[in-house]
Peer 1: 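Sharing a structure with you now.
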Amino acid sequence: ECCFQDWRSFLSGCYYLSLVGKTWSESREDCKDRGADLVIINSREEQVFLNQLGNNLHYWIGLTDSEKEGTWRWVDGTTPPTPQFWRQGEPNNAHEDENCVVFNSFTNSLGNIWSWNDQPCSLKTNWVCEYTLTSS
Ligand code: 2F8
Ligand code: CA
């Protein structure tokens, strides 16, 4: 089983990087329209893959604390003890208005996997969708 055309494959996941900007909610809707959801990061390997995929762009991932401040939840409802890759000093909930997470990819800083920053959910930026291939 293969990923849709124009999606990138990594392990059992398929990934789509948008080249335009939308709010976090609009981005999530776009992913759902494509049969996917905003990306969920489960491992260091996936984090490294996504840094390369991002090609220096900043993009939404499927992590938010909109429901309860300080309680981060993935879009599948799970709450991470999965590894977290916050930038130094993040999450800081700047102006008490940052409930959605942006991945800052920097292809020229290979080895720096600390890329997450909480930002206002109303910010318009790129996003990455993911769906999982089913085995069988
Ligand atoms: O210094 C990190 C800080 O930078 C900005 O605030 C000044 C970001 N805010 C926006 O981009 C809106 C913060 O999210 C970030 O923590
Ligand atoms: Ca922040």
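Quick note: numbers below take in every heavy atom, side chains included, and nothing from hydrogens, waters or symmetry partners. Order of appearance sets the numbers: ligands from 1, and atoms from 1 within every ligand.
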Peer 1: Protein heavy atoms: any of them under 4.0 Å from atom 2 (C) of ligand 1?
Peer 2: yes

Peer 1: Could you pull out the atom name of the N/O/S atom in Glu98 that is nearest the Ca ion (ligand 2)?
Peer 2: OE1

Peer 1: Would you say the Ca ion (ligand 2) has Asn93 as a near neighbour, meaning an N/O/S atom of that residue under 3.0 Å away?
Peer 2: no

Peer 1: Is atom 6 (O) of ligand 1 in close reach of the protein, with a heavy atom under 4.0 Å away?
Peer 2: no

Peer 1: Going by the order shown, which atoms of ligand 1 are within less than 4.0 Å of some heavy atom of Asp118?
Peer 2: 14 (O)

Peer 1: Has Asn117 got an N, O or S atom lying less than 3.0 Å from the Ca ion (ligand 2)?
Peer 2: yes

Peer 1: If you stand at the Ca ion (ligand 2) and look out to OE1 of Glu90 and O of Asp118, what angle do those two lines make, to 10°?
Peer 2: 130°

Peer 1: Return the residue, atom name and 0.1 Å-rounded distance of the protein heavy atom closest to atom 10 (C) of ligand 1.
Peer 2: Gln119 NE2, 2.8 Å

Peer 1: Students should be able to answer this: which protein heavy-atom is nearest to atom 14 (O) of ligand 1, and at what distance?
Peer 2: Glu98 OE2, 2.5 Å

Peer 1: Considering non-hydrogen atoms of the protein only, which is the closest contact for atom 16 (O) of ligand 1, and what is the distance?
Peer 2: Glu90 OE2, 2.6 Å

Peer 1: Specify side chain, backbone, both or neither for Leu123, according to which of its non-hydrogen atoms lie closer than 4.0 Å to ligand 1.
Peer 2: neither

Peer 1: Ring centroid separation for Phe4 and Tyr131, is it under 6.0 angstrom?
Peer 2: yes

Peer 1: Does the ring centre of Phe85 sit less than 6.0 Å away from the ring centre of Trp114?
Peer 2: yes

Peer 1: Could you check whether the rings of Trp86 and Trp116 sit parallel, tilted or perpendicular, using 30° and 60° as the cut-offs?
Peer 2: perpendicular

Peer 1: With a cut-off of 4.0 Å, which atoms of ligand 1 are near a heavy atom of Asn117?
Peer 2: 13 (C), 14 (O), 15 (C), 16 (O)

Peer 1: Does a donor on one side chain and an acceptor on the other come within less than 3.5 Å for Thr23 and Ser25?
Peer 2: no

